[in-house]
Amino acid sequence: MSQLDIDSIIKALGTVISRGQKSPLALHEPFFHGNEWAYVKDCLDSTWVSYVGQYVDKFEIMLAEFTGVQKAVAVVNGTAALHMALKLADVTPGDEVLVPALTFVATANAVAHCGAIPHFADSDERTLGLDPLKLKDYLKAVSQVRSSGCINKFSGRRISTVIPVHIFGHPVDLDSLAEVCEEYKIVMVEDAAEALGSYYRGRHTGNHGKLSILSFNGNKTITTGGGGAILTNDAALAALAKHLTSTAKIPHKWEFRHDHIGFNYRLPNLNAALGCAQMEQLPGFLEQKRKLSESYQKAFAKIEGIRFFTEPSFAKSNYWLNVILLDAASSERRDELLEKTNEHGFKTRPAWDLLNTLPMFRGCPAMDLSCAENLVKRIINIPSSSFLGNNHE
Ligand SMILES: *Cc1c(COP(=O)(O)O)cnc(C)c1O
């Protein structure tokens, strides 16, 4: 019999987050108590609601300053940001791109939008993200490094790129992955969609790849309604990103000339106005989210059958979505736990289905995925909105 103590888990959730909060509690809700109304009103009053306006420029500068990445280009959503970043990293049709099997579907969709093929990689129990050491052994067995890059010996295709995803905000072991990339001539593009406010060895995530991306979807740490950003320390790539995502129009007073097949991926000024107000509050959100995770950690410490997942030793995480990990022996009772916690007004959710099991990605190449297969049965996300940390001194 499994030792999973569901009653104690519900009680612990109650002690951490029940204090006068509304029910049912969502996993992650936005919080608009800063300058959101003022900035949005300013957009409406000025009629600069669309693709031109001061808030887009301001938002991009705030993102670059906060993350320490030289340039940020704001776009309509995280998926579009990743599509663009992969194109700028020279992902071409027929390439294979290494993607963790355990991630949100958008990571692999963006690869497919480039005409490339997701190649699924296993996870690291320490981070929940891609495992660089296992990847290294795998590449040694299946690939060959040539002057043209890393070639998959079995498919004959180029493995051009790897996308580490900082799952639920927990940073991947980026130094180890960078070594693998160097050895195998693979470009790194970071999917930091969930990791605004997360640091790897003291440096903000998104600084380690050739390019990286953020998302400002409604459930992320900050939101612009919908939105995303491309980050890069390469000023020329950033300029090209701006150009291509804004229809590739050559700036001119009246002429309408375009020099590439561009994309209309620009973030409207109205959304950027929300973003500026949210960025002002980000340090506070992160502090509250940290308090919340510390309270969870204490509350779950002595409960049998589970472990509260904490940041890897080399990282400071934003704890975007808090995770409890079921012990292997308790994983068969996962659905019972989901059922009962939701019944009690606590929104809980399992991890995404592994992407290699989805119909559109079923035929894609994959390495041994035993760690991801094990984790996916054991991960439970619990309510994580920043304002839930308010009551914890
Ligand atoms: C949210 C998210 C995205 C995509 O962002 P959208 O803004 O929803 O398009 C990409 N990757 C990961 C890992 C995400 O969590």
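The figures that follow rest on heavy atoms only: side chains count, while hydrogens, waters and symmetry mates do not. Just follow the structure's listing: the first ligand is 1, and inside any ligand the first atom is 1. In this text, all values refer to a predicted model and were calculated from it rather than measured experimentally.
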Pairs under 3.5 angstrom only: tabulate donor-acceptor contacts from the side chains of residues 264-277 to other protein residues two or more places apart or in another chain.
| residue | atom | partner | partner atom | Å |
| --- | --- | --- | --- | --- |
| Tyr265 | OH | His83 | ND1 | 2.9 |
| Asn269 | OD1 | Tyr55 | N | 2.9 |
| Asn269 | OD1 | Val56 | N | 3.2 |
| Asn269 | ND2 | Trp48 | O | 2.8 |
| Asn271 | ND2 | Thr224 | O | 2.8 |

Take atom NZ of Lys249 as the centre, draw a 6.0 Å sphere, and report whether it contains more than 12 heavy atoms from other residues, nucleotides or ligands.
yes
Could Lys87 and Phe263 be counted as a cation-pi pair, given that NZ or CZ must be under 6.0 Å from the ring centre and within 45° of the axis?
no
Run through all N or O atoms in ligand 1 and write down each protein N or O closer than 3.5 Å, as a pair with its distance.
| residue | atom | partner | partner atom | Å |
| --- | --- | --- | --- | --- |
| ligand 1 | 5 (O) | Ser215 | OG | 3.2 |
| ligand 1 | 7 (O) | Gly78 | N | 2.7 |
| ligand 1 | 7 (O) | Ser215 | OG | 2.8 |
| ligand 1 | 9 (O) | Gly78 | N | 3.3 |
| ligand 1 | 9 (O) | Thr79 | N | 2.9 |
| ligand 1 | 9 (O) | Thr79 | OG1 | 2.6 |
| ligand 1 | 11 (N) | Asp191 | OD1 | 3.4 |
| ligand 1 | 11 (N) | Asp191 | OD2 | 2.8 |
| ligand 1 | 15 (O) | Glu194 | OE2 | 2.5 |
| ligand 1 | 15 (O) | Lys220 | NZ | 3.2 |

Gln281-Glu36 side chain donor-acceptor pair, cut-off 3.5 Å
yes
Hydrophobic cluster membership, with links at side-chain heavy-atom distances under 4.5 Å among I/L/V/M/F/W/Y: are Val91 and Leu211 in one?
no
For Lys134, the option from Asp124, Leu369, Asp122 that meets side chain to side chain contact (heavy atoms under 4.5 Å, CB included):
Asp122
